There are 2 protein chains.
Amino acid sequence: MTKLTDVAKAAGVSIATVSRVLNNPGSVNADTQQKVQQAIRSLNYKPSRVAQRLRSKGGNSKIIGLVLPDIQNPFYVDVIRGVEEAMYEKGYAAIMCNFAQNEDKERLYLDILQSESIDGLIVAPVHGRDQKVANMVLSGLPIICIDRGLTGVEADVVLVDNQQGAFDAISHLIKLGHQRIAYISGLPQIPTSKARLAGYEAAFKEHGLPVDETLIKYGDSKHESGMRLTAELLDLPTPPTALFTGNNLITLGALETIHSRGVKIPEEIALVGFDDMYWSISLNPPLTAVRQPGFEMGQRAAELLFQRIKDPARPTVKVVFDATLQVRSSCGAAAKNS
Amino acid sequence: MTKLTDVAKAAGVSIATVSRVLNNPGSVNADTQQKVQQAIRSLNYKPSRVAQRLRSKGGNSKIIGLVLPDIQNPFYVDVIRGVEEAMYEKGYAAIMCNFAQNEDKERLYLDILQSESIDGLIVAPVHGRDQKVANMVLSGLPIICIDRGLTGVEADVVLVDNQQGAFDAISHLIKLGHQRIAYISGLPQIPTSKARLAGYEAAFKEHGLPVDETLIKYGDSKHESGMRLTAELLDLPTPPTALFTGNNLITLGALETIHSRGVKIPEEIALVGFDDMYWSISLNPPLTAVRQPGFEMGQRAAELLFQRIKDPARPTVKVVFDATLQVRSSCGAAAKNS
DNA sequence: ATGAAAGCGCTAACAG
DNA sequence: CTGTTAGCGCTTTCAT
């Protein structure tokens, strides 16, 4: 690796001058400028980001952390793409960490990121009372929470109105005449699971219908849990007539179980999932789902992070996107409502 | 951030001693050891990986780069998970970069990684003659290529037998009686596209059938190209009776176009895709596809990288996994052949 | 067994 | 406008 001294030697100036043309071009003689630029180019010099990071206080390292619960979930992939696009434009790099819904793993990654002296962090905390993340916020590191907030600490957050999304989904089902509507939740301690449950219950209340607790199942937010819990539901003496799945992966698991048993959708059971996928239309049947704008959320989170890095004192904000129901045919013939 | 001096002060020893208990515990008095450990714990000290990195020559930073062409493609997500699992166990962190099939982006990320002084790199090069990656290999950085190799440079590589995978897929179709079999390729310069095309042609040859060039379309490996090129194929005076799609995303795009036109699969057109997805069974219809073991490939690549970091002189190896045809129903009633 | 000190590559005073 | 120099936090000789 060629370094500052090499360039300085080649250009016949001091390393300080080289550093200046890199960081403060205005402050140096045009001729010198030329010579140095020339040397930099011919030596193909690239500053060591490690040395830069060690030297500067923070906020100039152009590296941030991105910590997400499950990279297999296409929603988070969209978030990643959104974040990444915004980062790319600003020459930032992201250390991406997938903690697979595992708190220990999350902690390890967070430790690593801290010791990597990142400029900031975008994270979907394991749960609302994530002490580790809360402490990092308190320590002054610029942090944006995505998908899930933190309780008890002031922090920027960008998420979707989960309650409303679930409410819309269940209302749709109720209007179609369903009453025995099951809900397969992800990990119960995750804020989004709670909000979606709240929306589920609110919809029943709104229509004066009782909630049947036996139709609510809790899993771990993964594919396998969707398969297993759907089987349990189908095995009930009187199975539900409709199913609301708490996330992408659960939906796919549910679909697998339903198909393997030869149960017809939507005739024998209607299905609406939380989280849309761009290929939901190619599923059997085309899936009705609640869409979260993951890409936009990721972009937005990145922008908020840049702002906070620049101005750590900026008041915290909460950005709430709409969750929109995409009606296709897994709940019956294309309904009138859009 | 607490640092070495803080710990040293608290333990009443020099920073050198603290460093020793961290890196070479054997070389220090048991009592001192205790005191220092104690101090480290109570101060919750974590060494700065940045400083460590700047100091040490390379190979001790516990950070590697992972550069992949498209994070939207579930195959690469599997690769990521495999790499990540292996890394996690060894306390490594990965800087993950998604270059979205864009060579400029790839170059930028590679530059960043170099200047981050990574210990090693796992990469799926944009194409076989990727100069940037080739130079990095030549520079001595431990590198493992995944999914695609490099021509003209000796480098470790782990991939799948793409030609054989495509051959099996096409043979399957031919045995089912198809002759007008279209192939929608990804970017033509990508080695996997070429190998899959070779498999396609080989299958025709094997069965003494001619290849119809008008049935071969080239796209950019993305979803949209799958949609568009499928439409072109369907618009042909005599459309193909079967379609072989070059990757996951293309398959999903093809499915979307086919459904939107109300064309029946497999009655009017049979479909087999390269790349399987765990939810392929829930597509309409359940998709017959060639499976690549992405997770295992990722794990393997990580192991090879660790080896190479430890022993840069180890001869390069080429690990070839099998690509296995998963027969479901998108080519017709479950065929006899497994 | 432990400490002092050099130096990794860079930035930012401080002089000149 | 440009050069000299002091660290950033750590590892590693080299002394002791």
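Chain identifiers are assigned alphabetically (A, B, ...) following the order of the sequence lines, protein sequences preceding nucleic acid strands; residue numbering begins at 1 within each chain. Because the structure is a prediction, the values reported are computed rather than measured. Reckoned from all heavy atoms, side chains included, excluding hydrogens, waters and symmetry mates.
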Ion pair check, [X] and [Y], cut-off under 4.0 Å:
{"X": "A:D111", "Y": "A:K132", "value": "yes"}
{"X": "B:D78", "Y": "B:R81", "value": "yes"}
{"X": "B:K318", "Y": "B:E154", "value": "no"}
{"X": "A:R148", "Y": "A:D130", "value": "no"}

Between [N] ([atom2]) and [X] ([atom1]): distance, integer Å:
{"X": "B:K57", "N": "D:dC10", "atom1": "NZ", "atom2": "C1'", "answer": "13 Å"}
{"X": "A:L22", "N": "C:dC10", "atom1": "CG", "atom2": "P", "answer": "9 Å"}
{"X": "B:R49", "N": "D:dC8", "atom1": "CZ", "atom2": "C1'", "answer": "18 Å"}
{"X": "A:L54", "N": "C:dG9", "atom1": "CG", "atom2": "P", "answer": "12 Å"}
{"X": "B:N23", "N": "D:dT12", "atom1": "CG", "atom2": "C1'", "answer": "10 Å"}
{"X": "A:R20", "N": "D:dT5", "atom1": "CZ", "atom2": "C1'", "answer": "12 Å"}
{"X": "B:K3", "N": "D:dG9", "atom1": "NZ", "atom2": "C1'", "answer": "7 Å"}
{"X": "B:Q52", "N": "D:dT12", "atom1": "CD", "atom2": "C1'", "answer": "13 Å"}

Look at the side-chain N and O atoms of B:S56 and state whether any lies under 4.0 Å from the OP1 or OP2 oxygen of C:dC8. no
Are OP1 or OP2 of C:dT2 and a side-chain N or O of B:T32 less than 4.0 angstrom apart?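 Yes, because at least one side-chain N or O of B:T32 sits under 4.0 Å from OP1 or OP2 of C:dT2.
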What nucleotide among [options] has an atom nearest to a side-chain atom of [X]?
{"X": "B:I15", "options": "D:dC10, C:dC10, D:dG3", "answer": "D:dC10"}
{"X": "A:S48", "options": "D:dT4, C:dC10, C:dG3", "answer": "C:dC10"}
{"X": "A:V13", "options": "D:dG3, C:dG9, C:dG3", "answer": "D:dG3"}
{"X": "A:S14", "options": "D:dC8, C:dA1, D:dT4", "answer": "D:dT4"}
{"X": "A:A16", "options": "C:dT2, D:dG3, C:dC10", "answer": "D:dG3"}

Once hydrogens and angles are ignored, does a donor-acceptor distance under 3.5 Å link the base of D:dG9 to the side chain of B:R53? no
At 4.0 Å (heavy atoms only), tell me whether [X] reaches a base, stays on the sugar-phosphate, or touches nothing.
{"X": "B:T17", "result": "sugar-phosphate"}
{"X": "A:V50", "result": "nothing"}
{"X": "A:N60", "result": "nothing"}
{"X": "A:T5", "result": "nothing"}
{"X": "B:S19", "result": "base"}

Could you tell me whether a side-chain N or O of B:R20 sits under 3.5 Å from a main-chain N or O of B:G26, the two making a donor and an acceptor?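 Not confirmed, B:R20 side chain does not pair with B:G26 backbone.
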Please say whether the positively charged group of A:K90, taken as NZ for Lys or CZ for Arg, lies over the ring of A:F306, i.e. under 6.0 angstrom from the six-membered ring centre and within 45 degrees of the axis. yes
